[in-house]
Amino acid sequence: MEFRIRHEKIASVIIFILSFLLLGVLTFAFITMNMPAPYLLCGLFLQLVVIIVFAAVQLSSTVITIEERNVIINYVFAKKTISIDEISGVQISRYERWHKNHYIEQRMRMAISLYGKKDIVLNDTAMAHTPVLGVLASRDAVLPDEEVALYQVYQIIMSQMS
């Protein structure tokens, strides 16, 4: 079975901000030091590439595939395969995220504990989005647990563990 979730990592946001700031500083230095135009164009091109990559990461989904006794997690640039036998426990919880426009988003977090390895934490939105407006519709309904893809993954993993 295959599930798509809107997993977000704070590390990707931090990397984007730092790389964009670094390229901005370099571009400013190129302008103030009267460097040749190719340096300036290269800096601006790299800034555009960083913006496009960040947008692609934010718009793409993380895909969780459950096959026989394996859980496969496909991120944008990485893939993890976990055997059900490696999982020592799974916890799931809801949390809220406040946005600047006083909108409260319901999200769900699942932590997969592995024997002798670092925990894998996945998160997903628990809000129903309208197909036309998608993320732009800021007042969507909260989904019950059974309709959230991450909770469905949790149920399947728990059933295979027992």
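As the structure is a computational prediction, the values presented were derived from the model and not from experiment. For the numbers below, each heavy atom of this structure counts, side chains included, while hydrogens, waters and symmetry mates do not.
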Enter the distance from [X]:[atom1] to [Y]:[atom2] here, rounded to the nearest 0.5 Å.
X	Y	atom1	atom2	result
F3	S61	CZ	OG	14.0 Å
T125	R107	OG1	CZ	5.5 Å
S19	I14	OG	CD1	11.5 Å
L114	D119	CG	CG	6.5 Å

### Message
Taking ring-ring contact (aromatic ring centres under 6.0 Å, His included) as the definition, give me every residue that meets it alongside F20, ordered by chain and number, with sequence neighbours left out.
### Response
F16
### Query
Just by distance, do the side chain of H7 and the backbone of N123 share a donor-acceptor pair under 3.5 Å?
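Answer holds: yes.
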### Query
With a 4.5 Å heavy-atom cut-off, do M127 and E105 have their side chains touching?
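They are in contact (side-chain heavy atoms under 4.5 Å apart), so the answer is yes.
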For residues 141-152, dump all side-chain donor-acceptor pairs below 3.5 Å to protein atoms at least two apart in sequence or in another chain.
{"from": "D145", "atom 1": "OD1", "to": "R94", "atom 2": "NE", "distance (Å)": "2.8"}
{"from": "D145", "atom 1": "OD1", "to": "R94", "atom 2": "NH2", "distance (Å)": "2.9"}
{"from": "Q152", "atom 1": "NE2", "to": "E146", "atom 2": "O", "distance (Å)": "2.9"}

Co-members of the apolar cluster containing [X] [side chain, <4.5 Å]:
X	result
L59	none
Y115	none
V25	none

Please tell me whether [X] and [Y] are part of a single hydrophobic cluster in this structure, the criterion being side-chain heavy atoms less than 4.5 Å apart.
X	Y	answer
L46	I17	yes
F28	L18	no
I156	M158	yes
L44	I31	yes
L23	V49	no

Considering only distance and modelled atom types, tabulate donor-acceptor pairs under 3.5 Å from the side chains of residues 67-91, sequence neighbours left out.
{"from": "R69", "atom 1": "NH1", "to": "Q160", "atom 2": "O", "distance (Å)": "2.9"}
{"from": "R69", "atom 1": "NH2", "to": "D85", "atom 2": "OD1", "distance (Å)": "2.8"}
{"from": "S83", "atom 1": "OG", "to": "D85", "atom 2": "N", "distance (Å)": "3.3"}
{"from": "S88", "atom 1": "OG", "to": "S113", "atom 2": "O", "distance (Å)": "3.2"}

### Query
Does R109 have any side chain to side chain donor-acceptor pair (under 3.5 Å) partners at least two apart in sequence or in another chain, and if so, which?
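Counting only residues at least two positions away or on another chain, R109 forms no side chain to side chain donor-acceptor pair (under 3.5 Å).
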### Task
Could you list the residues that satisfy side-chain contact (heavy atoms from CB on, under 4.5 Å) with I52, not counting sequence neighbours?
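Residues passing side-chain contact (heavy atoms from CB on, under 4.5 Å) with I52: L48.
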### Message
Counting only heavy atoms from other residues, nucleotides and ligands, does the tally under 6.0 Å from CE of M1 exceed 12?
### Response
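No, the 6.0 Å shell around CE holds no more than 12 heavy atoms from other groups.
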### Message
Filter on side-chain hydrogen bond (donor to acceptor under 3.5 Å, both in side chains), then keep only pairs touching residues 23-38, sequence neighbours left out; what's left?
### Response
none
